[in-house]
Amino acid sequence: MQVTMTVNGEEITRDIEGRLLLVHFLRDHLALTGTHWGCDTSNCGTCVVWMDGEPVKSCTVLAAMAGGREVRTVEDLEQDGELDPVQRGFMECHGLQCGFCTPGMMMTARALLDRNPDPSEAEIREAISGQICRCTGYATIVRSVRWAAAEQAGTRTAVPDDAAALGGTDATATTTGSAS
Amino acid sequence: MEHSVELAELAVDAAALQMPRHVPEQGRRSKGLGRVGHRAVLKGAFSMQVPAPFEYRRAGTVGEAIGLLDRLGDTARLVAGGHSLLPMMKLRLANFEYLIDINDLHGELGFVAVEPGWIRIGAMTRHRELLESDPLAAAFPIFRDAERVIADPVVRNRGTLGGSLCQADPSEDLSAVCTTLDARCVIRGADGERVVPMADFHQGPYETAVGDAEILTEIRLPVHPNGSSAYEKVELRAGDWAVVSAGAAVRLDDEGLIADARVGLAAVGPNTAGIPGIADALRGRPPSQELYEQAGDLAAAGCDPVTDRRGSAEYKRYLARELTVRVLRTAVARIGAPPAAGDGDINRQGV
Amino acid sequence: MTTAPARTAFEDNDHKPVGHGRMLRKEDPRFIRGKGRYIDDLQLPGMLHLAVLRSPFAHAKVVSVDTGLAEEHPKVRLVVTGAMLAEKGLAWMPTLSNDVQAVLATDKVRFQGQEVAFVVAEDRYAARDALELIDVEYEPLDPVVDVRTALSADAPVIRDDLEGKTDNHCFDWETGDAAATDAVFARADVVVSEDIVYPRVHPAPMETCGAVADYDAVDGRLTLWSTTQAPHAHRTLYAIVAGLPEHKIRVVAPDIGGGFGNKVPIYPGYVCAIVGSLLTGKPVKWVEDRSENLTSTGFARDYVMRGEIAATADGRILALRTHVLADHGAFNGTAAPLKYPAGFFGVFTGSYDIEAASCKMTAVYTNKAPGGVAYACSFRVTEAVYLVERMVDCLAYELKADPVALRRKNFIRPDQFPYRTRTGWVYDSGNYAPTMELATRIAGYDELRAEQAAKRERGELMGIGVSFFTEAVGAGPRKDMDILGLGMADGCELRVHPTGKAVVRLSVQTQGQGHETTFAQIVAEEIGIPPQDIEVVHGDTDQTPFGLGTYGSRSTPVSGAAAALVARKVRDKAKLIASGMLEVSVADLEWSKGAFHVKGDPSASVTIQDVAMRAHGAGDLPEGVEGGLEAQICYNPENLTYPHGAYICVVDIDPGTAKVTVRRFVAVDDCGTRINPMIIEGQVHGGLTDGVGMALMEMVSFDEDGNCLSGSLMDYLLPTALEVPDWETGFTVTPSPHHPIGAKGIGESATVGSPPALVNAVVDALRPFGVRHADMPLTPSRVWEAMQGRATPPN
């Protein structure tokens with residue numbers, strides 16, 4: 001069958017099997033490999049993209065179901081060489097390690113900030129609760145989204161939380177320090 | 001939407017193995033099995049990730065959907081949000097020749113309508129819309145309680161009320177909510193509409209009253225004055241299926257005595273179930289902790305949980321009691337109280 | 001949208017632009033753009049797709065495999081069975097523990113999910129469709145599922161492929177002095193025993209395992225891109241298994257979506273991909289689905305332990321004794337140094353100065369997936385620390401002692417380091433009391449105890465759990481440690497280019513730990529070139545020196561030492577060149593980060609960049625100095641390093657539902673010298689989350705037929721952002737005396753230290769119910785059963 005949809009602002013038409021999953025359409029047919037695949041049961045959220053402006057798990061949407069709709073992927077976050085504040089927040093606050101869950105996390109975070117420009121820690125945790133990260137323990141992802149919110153609002157302080165708390169270390173002496 | 005043969009087998013399988021899960025464990029066998037073929041035992045084990053081939057169709061109206069179903073018979077299946085169906089198709093536990101996408105029906109069937117004495121909700125209303133609907137939360141706080149703990153926010157963007165009810169998973173939360181609220185299910189076919197009470201809608205695990213060429217279009221919830229409701233779920237982790245959940249809807253009379261009380265439980269039997277004795281036991285009596293505990297005892301006695309990895313049968317029975325007490329208490333406390341502030345900023349429903 | 005330029009992120013917050021300190025990661029710009037390069041992102045011209053047919057049975061004879069229908073599928077290019085591999089001598093392969101494992105089953109299947117056949121087809125959908133067309137006839141056998149009955153006389157023999165094998169015994173292992181330990185137990189005032197299970201869990205990285213094999217028949221070269229934590233070791237093993245000459249094999253680990261030990265072993269799927277490419281002449285991609293990952297790849301833990309602790313009445317710990325029954329699954333696939341079949345479990349004496357200790361371990365085969373050493377376990381230090389930290393709490397329970405005070409009383413003192421334990425491990429350095437002190441201060445320990453007392457009066461359940469761990473990481477000295485004969489040393493090569501930019505080539509590689517940043521910083525600290533000017537090359541056997549890879553927290557302790565030493569070697573050469581440039585003797589030169597200057601005359605100086613140009617330039621070099629500015633070394637660690645830490649966890653339990661909520665988690669870590677505190681904190685956070693997962697929800701379980709009940713992420717639950725608190729971290733610094741920069745490694749500390757803190761907290765909360773121990777995972781149901789006085793082992 002033929003499917004036509006808008007992906008990252010561009011209208012795309014392809015011949016596909018009806019059973020093709022949107023995640024495989026994006027990755028294998030359009031070479032948009034920033035969207036990842038991590039499970040078969042819509043539990044992990046590494047495949048999150050936007051469909052008609054809302055985050056969806058693209059492993060559980062047929063490409064055919066996206067026909068006539070607008071899909072947005074991580075590749076579209078950077079606009080005209082400018083990173084999205086969410087992307088910068090993830091770098092600044094160490095919101096990623098292996099990077100595998102990161103695109104999905106960022107797409108959800110971007111959608112959250114569009115609806116709620118100043119989310120609380122609890123609201124951020126709730127928003128990403130359908131997405132698993134095995135590396136970060138989530139706290140730095142929460143900080144990353146807060147950083148982006150503050151950046152957008154123009155209220156960002158100079159140094160991320162953990163930098164203020166941790167500082168540098170002295171390799172030669174026994175020292176102690178703590179994060180509050 | 002009647003299930004396919006595979007689904008029926010799956011339901012039997014799940015029930016027999018006391019695993020009230022809609023994706024069963026792989027490769028089970030019975031003791032003393034002789035020589036068997038791989039395919040005979042377990043079609044498609046470990047071949048997850050992609051569904052078997054099918055023809056994709058899209059319906060633009062309810063009439064079109066019914067027409068397609070009428071023509072294609074039991075080889076076709078409707079797909080709404082797809083978050084229950086597609087994982088099963090990837091497991092190849094569910095195989096269809098045709099899949100009819102009804103997401104375009106959201107305009108027709110995505111609504112929360114407040115009418116005198118009733119709230120009607122379209123079957124294509126998505127979880128997120130249910131969560132964010134302030135009129136729904138005002139009339140039935142149980143909906144917002146439940147929607148907060150159903151799956152996760154991204155899945156809630158896609159999953160629908162109708163899809164949840166038609167999956168007929170014994171652990172599914174909205175089925176328990178609709179049971180608690182004495183919902184009527186509107187089913188449309190080529191010959192018109194029929195209305196089925198929730199008690200008759202689920203006919204077994206993964207089995208509903210919806211016929212091959214029919215579609216669930218809406219549910220209707222009776223609104224009673226001086227009543228409220230509540231829902232509570234115990235889960236191992238956010239987004240997981242319930243260990244046990246309980247919903248309660250309570251109505252008081254003018255003297256503050258209980259006029260009606262309904263309790264619905266999920267994950268404690270082959271279907272989400274109302275506990276019929278509770279209304280009789282509570283009616284005409286003043287609300288009290290002792291009364292809630294009596295109801296809890298009835299719930300514990302009236303449910304039929306099994307031991308699985310989410311908990312022992314004994315614990316689940318205990319939990320049925322505990323949660324029944326809690327939701328009754330919360331529901332009564334909410335009667336006359338101002339509705340909880342909406343936590344959604346968007347209400348796009350046709351109210 | 002803001003207006004910041006795209007690639008300036010490194011500049012904002014770099015407090016120390018040269019060397020150690022917080023620095024944003026060099027690898028992040030590609031990841032946040034979706035430009036990472038993971039296995040499944042690789043597309044090669046003509047590439048085919050491989051899917052594996054797996055056994056639905058835990059134990060069965062393979063009677064026949066009929067591939068006829070599958071071969072007729074129009075998109076199928078190849079179907080391979082175990083019998084076909086056997087003809088080529090490839091049906092079996094060695095494991096990392098000198099056992100053998102079937103690549104594809106020939107005689108029997110020995111666990112559910114075992115590889116039986118594979119299909120190579122034109123696309124991934126067709127490959128999976130074709131699996132359904134293969135008919136396998138099985139004759140089911142009784143499975144061995146319960147480790148406790150695996151050695152009973154009537155248990156079916158799983159490994160009848162091994163000559164003369166008549167039972168399911170895998171190995172026995174002992175450590176410590178049993179007689180001395182028994183003697184101490186005999187005279188102790190207090191002896192406490194407890195049965196403790198560390199359940200089978202799975203690392204479940206977000207990216208599953210996979211490979212792309214590309215065999216070029218013309219020049220006989222095989223390129224294998226694969227999700228491997230040890231590319232060099234894998235290359236050697238492929239050379240041995242497949243009979244290909246090692247110089248014709250290139251193994252590349254591209255970006256890896258998390259490893260956690262899951263990607264250390266060689267899996268049959270990799271070998272199948274190689275065979276597929278050899279037979280089709282095309283590149284072949286194999287990527288596991290999630291159920292394949294959870295049911296067939298390396299699990300972790302699965303130790304059934306009997307712990308015993310002996311002490312004086314006033315709380316002086318005298319001895320520890322343990323018996324362990326270890327479930328190794330169907331093949332012994334343990335990835336550990338060969339002389340250490342139980343990994344580093346021998347450090348189970350923990351952080352305490354005791355008189356005697358002994359351990360007896362029996363390992364058995366069962367009809368479950370192979371593995372055992374994974375999930376950030378530091379070669380089984382997880383199990384060791386869990387045992388001792390639970391036993392110390394059991395002792396505290398019996399003595400009615402405060403768990404912090406009891407630990408403090410028994411700590412190894414700073415003046416005792418280097419400290420030889422009763423099981424023969426030499427802890428390099430440690431200063432435990434300040435670490436514990438800081439943790440209690442951050443937590444507000446006394447206030448928490450007061451709050452708990454008040455809550456207990458009201459019937460509320462609050463628990464405070466403490467753990468203190470000493471880890472053993474950085475394997476290891478080659479005289480003691482090897483994997484299949486390969487010594488556990490690491491190479492490193494550093495080249496400084498004429499313009500003063502550098503490239504450092506590592507034998508370890510990142511799966512998210514930030515090597516491209518940390519290693520640039522290590523080199524920068526030593527040689528004064530900004531880390532932004534240092535390219536880190538890793539994960540490609542053609543481009544990097546030999547070494548054993550990234551696991552067991554060994555990158556910084558071993559390869560990090562190599563990087564520092566190779567930089568010093570280059571600096572020494574630079575100094576010779578600088579002495580010529582400044583026309584003074586080497587003895588008259590001083591080094592300040594980035595430049596040499598003449599003693600007493602700071603204005604007479606040359607930068608490292610000046611030296612680099614001279615080293616490659618036309619001018620004269622001092623007598624005996626070759627041109628160029630580069631060096632290579634192979635670092636053989638003199639000892640392991642021993643990080644330590646103090647963790648405090650606060651939980652609340654709903655008395656009505658028995659559901660545990662983690663309210664706070666304080667982690668104070670001492671990993672010696674800290675290179676990038678931001679990355680260190682991230683490593684700790686991730687490990688703490690593992691701990692919450694294992695303690696509260698994760699377990700790989702089986703039914704009585706050996707069916708894996710945890711084959712999807714719907715059934716194998718991993719923690720989300722809603723189950724974990726905002727972590728509170730702190731640190732102390734006790735450098736390693738033998739590591740060139742004093743660093744000890746941090747990758748697994750929190751995974752090791754957090755489960756006992758959390759379980760201790762839950763058990764502490766349940767004290768009013770007389771609970772002394774409850775096994776993980778502490779689900780509401782299991783906690784409730786403990787409250788009813790009938791806690792049971794997990795099943």
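To find a chain, count down the sequence lines: A is the first, B the second, and so on, and within it residues start at 1.
Ranked by heavy-atom pairs shorter than 4.5 Å toward chain B, the options A:Ala64, A:Gly130, A:Ser129 are led by A:Ala64. For the options A:Glu17, A:Met51, A:Met1, A:Glu126, heavy-atom pairs under 4.5 Å to chain B are most numerous at A:Glu126. The candidate from B:Glu55, B:Arg158, B:Arg57, B:Arg237 with the greatest count of non-hydrogen atom pairs under 4.5 Å with chain A is B:Arg158.
The pair A:Glu54-B:Arg156 does not count as a salt bridge, with every side-chain nitrogen at least 4.0 angstrom from each carboxylate oxygen.
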Apply side chain to side chain contact (heavy atoms under 4.5 Å, CB included) to B:Leu99 and A:Arg19, showing your working.
-> CA-CA 9 Å; B:Leu99 205 61; A:Arg19 60 172 168 161; over 6 Å; no
Show your working on side chain to side chain contact (heavy atoms under 4.5 Å, CB included) between A:Leu21 and B:Gln49 and close with a plain yes or no.
-> CA-CA 9 Å; A:Leu21 300 172; B:Gln49 221 184 52; 6.0 Å; no
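Under the salt bridge (Lys or Arg N to Asp or Glu O under 4.0 Å) criterion, A:Arg125 pairs with A:Glu121, not counting sequence neighbours. A search for side-chain hydrogen bond (donor to acceptor under 3.5 Å, both in side chains) contacts involving B:Ser245 returns B:Asp173, B:Tyr231, not counting sequence neighbours.
A pairwise comparison of heavy atoms in B:Tyr56 and A:Met65 identifies OH-CA, 3.5 Å as the closest pair.
Interface remark: B:Ala52 contributes backbone atoms only to the contact with chain A (heavy atom separation under 4.5 Å). Of the atoms belonging to B:Asn103, heavy atoms from both backbone and side chain fall under 4.5 Å from chain A.
For A:Glu10, the CD atom is loosely surrounded, since the number of other residues' heavy atoms within 6.0 Å does not exceed 12.
With rounding to the nearest 0.5 Å, the separation of CG in B:Asp240 from CG in A:Asn43 is 8.5 Å. Expressed to the nearest 0.5 Å, how far OG1 of A:Thr108 lies from CG of B:Asp152 amounts to 9.0 Å. We find the CG-CG distance between A:Asp52 and B:Asn157 to be 11.5 Å, quoted to the nearest 0.5 Å. Put simply, CG on A:Asp40 and CE on B:Met88 are 14.0 Å apart, with the number rounded to the nearest 0.5 Å.
Residues from residues 55-62 of chain A that place a non-hydrogen atom less than 4.5 Å from a non-hydrogen atom of chain B comprise A:Pro55, A:Val56, A:Lys57, A:Cys59, A:Thr60, A:Val61, A:Leu62, given in numerical order. At a heavy-atom separation below 4.5 angstrom, chain A is approached by no residue within residues 59-68 of chain B.
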